[in-house]
Amino acid sequence: MRALWLWLRAIFLRRRVEHEMRREMQAHIEFETEANIRRGMPEAEARRAALVAFGGVVKAEEAVRDERRTRLLEIVAGDVRYAMRGFARRPGFATVIVALLALGIGANTALFGVVYQQLISPLPFKDGNRMVHLEATGAQGTILLPVAPELREAWRGSSRAVEQMIVVGVGAFAIGDTTQDRPRQLYGAVLPSGASAFIGVHPLLGRDIQPADTLPTAQPVVVLSDQVWRRDFGGDRAIVGKSLLVDGVRHVVIGVVPPNYAMPFLGERDIFLARRALSPNATRADSLFNGSARDGEALAKLRPGVSVDEANREVSALFERWKADPRAGQFAAQLGGAVIDPPRVVRAVDEIRPERREAILVLFAAVSFVLLITCANVANLLLVRAWSRQREFAVRAAIGASRGRLIAQVLTEGAILSLAGAIAGIGVATLILHGIQTSRLGQMIGAATLRPSVLVWCLALSLFTTLAFGLVPARFAAENRMTDALKAGARSQSGGSSARRFRTALVGLEVALSVMLLAGAGLLVRTLVAMSDADVGLDTRNLVSVEIRFPQKEFSLDARHAAVGAIKSRLEAVRELRDVTISSMTPPRFGIGLGGLQFEDRPSRASDSLSAIGFNDVDPTYFSRVGLRVTNGRIFQADARLAADKNPTEIMVNERLARRFFPNGNAVGQRLKYGKMPWSTIVGVVADVDVPGLGDRARSLQLYMPIAAAPGRATFVFRFTQPVFLLDSLIRGIVRDVAPRARVGNPIVADELLSGARQLQHSLLQVIGAFAIVALILAAIGLHAVIAFSVSQRTREIGTRVALGAAASDVVRLILRQGLTLGLVGVAIGIAGALASSRALASFLYGVRPGDPVTIAVVGALLASVAVVASLPPAWRAAHIDPIEALRAD
Amino acid sequence: MSDASDVLQGTLDLLVLKALSLAALHGWGISQRIQQLSRDALQIGQGSLYPALYRLERKGLIKGEWGTSENKREAKYYQLTAAGKRALAAESEEWRRYSSAVDLVLSATG
């Protein structure tokens with residue numbers, strides 16, 4: 001304690017401590033002098049003898065100071081004070097550097113936050129790292145299949161690997177507010193008893209679903225997502241306790257989950273219901289998703305220490321046994337005869353979608369480039385400064401500062417700048433993270449907050465930047481040949497060729513990194529152009545779809561038939577609606593079918609039977625109204641079937657399917673069978689429908705069937721040139737008139753689906769493009785600085801040239817050539833880098849290859865012209881050098 | 001004149017403690033007292049005395065306070081703390097054991 005107090009006193013009351021020390025030693029000498037006088041010496045002699053006896057006062061003082069153990073701190077404090085004085089003298093310089101660093105560090109910190117939260121940190125669920133689910137796939141892994149309930153239950157029952165398992169039901173529910181009769185379709189999860197404890201998330205409002213809510217006699221309850229709460233209930237904090245109609249049954253709202261709450265594997269859900277054990281008054285949720293249901297998703301927690309491989313071995317063994325069970329055959333038949341692979345155990349932490357991971361890493365690489373560029377720029381600025389301070393360093397060295405002290409001094413300055421940059425960078429990172437959270441990019445790559453680990457990263461970055469840009473100037477400062485610098489009038493035109501080379505290299509690096517970023521941005525621009533120009537296969541202009549459901553409970557077959565017809569004719573009567581037609585799916589989407597594809601003209605092959613297929617049940621008018629070209633054959637007849645068990649006999653396929661199975665172009669007239677569907681005849685072939693960006697391999701083979709005359713669900717498709725929000729009341733009005741119990745979905749604009757598919761590329765472009773522009777500006781500044789400095793160094797040489805008869809244009813050309821050469825070297829390196837690095841973007845590109853020569857040529861030319869433009873001002877200055885002045889200057 | 005190297009650091013600390021065990025003294029007084037007690041055999045250089053005082057104060061063995069001498073001169077007077085007294089006793093004992101051991105070795109014959 002006492003030692004600490006003395007130490008702190010020595011630091012903070014330094015003056016007083018020093019003063020006391022001096023007084024104490026002074027007193028000592030006085031005592032000695034007095035003693036000497038008492039011994040009979042004359043006063044002057046006595047004082048001299050006392051001083052001699054004391055020894056060196058300065059030396060004693062230094063010894064005491066050493067004893068205080070504050071030396072290092074004093075040195076650092078001295079360096080800091082010195083540095084701060086230096087910055088205060090040139091505040092603009094310090095501000096520019098701190099701003100650059102804040103940008104570089106801030107952007108990098110923000111993206112690191114995303115990387116950390118999305119890719120590194122444990123999941124926000126209890127024991128998230130042990131959480132797994134069973135995933136079954138078919139059709140060469142392109143589609144997910146449900147896991148057979150028996151298999152799931154067998155695993156739950158016999159597994160040594162599983163600690164706990166819950167089966168969560170998923171499905172769509174009709175939500176009607178009690179005050180207005182306007183059912184809305186929401187996606188929900190039905191949670192069994194124990195799910196809350198399993199997942200462990202604290203609600204934002206109210207409570208979560210408790211085991212008591214799953215008793216047969218319990219009051220049905222519902223938990224809302226933050227989004228639904230805000231959108232449909234205006235964020236009403238008094239919502240808890242109010243009641244809500246879910247599928248027509250009164251449920252009590254018991255809570256609201258936090259924003260962006262995503263369930264493991266199931267993602268974000270609109271509502272959460274409790275699955276009550278079967279009771280007489282069972283709701284659909286209760287009966288649909290009890291243990292044996294197919295639509296349940298099995299989430300399990302592995303016991304601590306159990307690996308995924310062990311769990312997988314267990315499941316494979318169970319699968320082999322299950323395959324022998326007759327129920328296995330029934331299950332496969334239910335899925336349309338799909339070939340089922342053994343289910344895989346997938347960990348929640350490995351579940352992150354690959355494109356999300358790639359997008360995050362690409363962005364992180366981009367911000368790291370930006371950080372490197374800012375470091376290069378700052379290093380450049382500091383080098384120039386170190387140069388102009390050459391004499392100062394030489395003087396300090398001459399009066400005894402060691403090499404280490406000079407390096408420490410420069411590094412201290414770097415550390416102060418870095419720290420200031422990091423602190424400002426935290427502000428920048430907060431802004432960027434806020435921007436990510438509120439933008440659509442956030443939905444794409446996930447949001448993040450500034451957590452302690454992220455701040456540690458920020459601090460580590462500032463340390464990195466200190467070393468990155470501080471060490472080199474420090475070395476030059478220390479290496480300074482003082483005699484050179486001190487030589488009268490030395491303008492140091494000769495010294496530091498290594499420094500110049502280094503600065504040139506730095507600028508080359510900046511240019512190269514800019515080329516790489518710009519090439520990335522360029523590729524994304526070309527991708528977006530290609531995507532929006534791409535032929536989707538149908539004419540999506542003003543195309544809007546509205547899905548309407550006719551629940552079986554409330555609509556007989558005849559009632560459906562009547563309702564569909566009535567709605568269609570009412571829609572056709574509206575002047576603003578054109579091209580009204582009906583399909584089962586919202587164009588350009590397809591439903592997905594599984595199961596074996598068989599052709600009458602050949603024995604079925606295993607590879608055919610694995611196919612997943614996109615299907616759409618459509619009205620015969622669909623093709624002409626949505627602009628889907630029939631390339632061969634004819635359109636099928638309208639389907640007269642009312643009952644669901646009757647089946648179509650005429651179908652149409654897309655060109656890809658026709659080409660794949662009938663390469664000779666004779667698809668029309670052939671008969672095929674798909675899954676449980678009976679044999680049908682291909683009567684026509686239509687163009688492929690492909691949405692760029694969806695990359696939907698599972699739906700690339702497409703099948704059209706006539707829509708049933710009385711479908712349970714019909715999508716009304718039409719063109720509407722006016723704002724879409726006008727549609728809602730129009731359609732609800734029509735439906736209220738002719739089929740009030742039908743459920744109306746939200747209008748979906750086809751072009752919005754298309755641009756939605758481009759969203760990821762769009763967001764990436766915004767970010768990378770912004771960084772590329774920043775990089776370009778920084779590189780231009782760096783180029784300009786190097787050329788300008790070089791001109792100032794070559795003043796005398798240029799003066800001599802002019803004196804010997806060089807014209808202004810010669811001088812300009814000389815300087816521009818220097819700038820262009822420097823730029824081109826950077827461009828060359830950058831192109832090499834871009835060829836390699838743009839491959840990281842490959843999975844986001846469409847219609848353009850990573851090493852696209854056009855993009856690279858344009859970017860290279862752009863950078864070369866930037867190099868020329870950046871060299872223009874110094875070139876102009878050089879051309880106006882007065883030879884007499886220049887030669888006299890030294 | 002003696003310098004730090006003449007008196008081992010640990011020994012100097014012990015001597016200072018001993019000098020202060022009789023009365024509170026200022027720096028000059030301490031060096032005089034040691035010189036006097038050692039019959040002029042030991043002279044403490046100021047270059048080591050003052051760091052030693054600082055060190056002992058940091059260890060909490062002595063406490064310095066400004067006071068006035070008989071001839072009205074301001075000086076910093078040091079006195080032993082309780083810890084200092086204990087340390088003096090322990091270290092004196094240690095020193096005696098050590099020096100008698102060295103004596104034994106040196107006085108051994110053949």
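Here is how names work: the chains are called A, B, and so on, in the same order as the sequence lines, proteins then strands, and each is numbered from 1. Only heavy atoms go into these numbers, but all of them, side chains included; no hydrogens, no water, no symmetry mates.
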Taking the side chain as C-beta and beyond, is there a heavy-atom pair between [X] and [Y] under 4.5 Å?
| X | Y | answer |
| --- | --- | --- |
| R73(B) | E34(A) | yes |
| Y54(B) | L6(A) | yes |
| Y50(B) | H28(A) | yes |
| Q32(B) | E32(A) | yes |
| W66(B) | E20(A) | yes |

Can you tell me if [X] has over 12 outside heavy atoms packed within less than 6.0 Å of its [atom1]?
| X | atom1 | answer |
| --- | --- | --- |
| E74(B) | CD | yes |
| Y82(A) | OH | yes |
| R22(A) | CZ | yes |

Toward chain A, the part of E57(B) with a non-hydrogen atom under 4.5 Å: both
Sole residue of E24(A), R23(A), M21(A) in side chain to side chain contact (heavy atoms under 4.5 Å, CB included) with K76(B): E24(A)
Taking all non-hydrogen atoms of both residues into account, name the closest pair between G47(B) and A63(A) and its distance.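 Closest heavy-atom pair between G47(B) and A63(A): O-CB, 3.5 Å.
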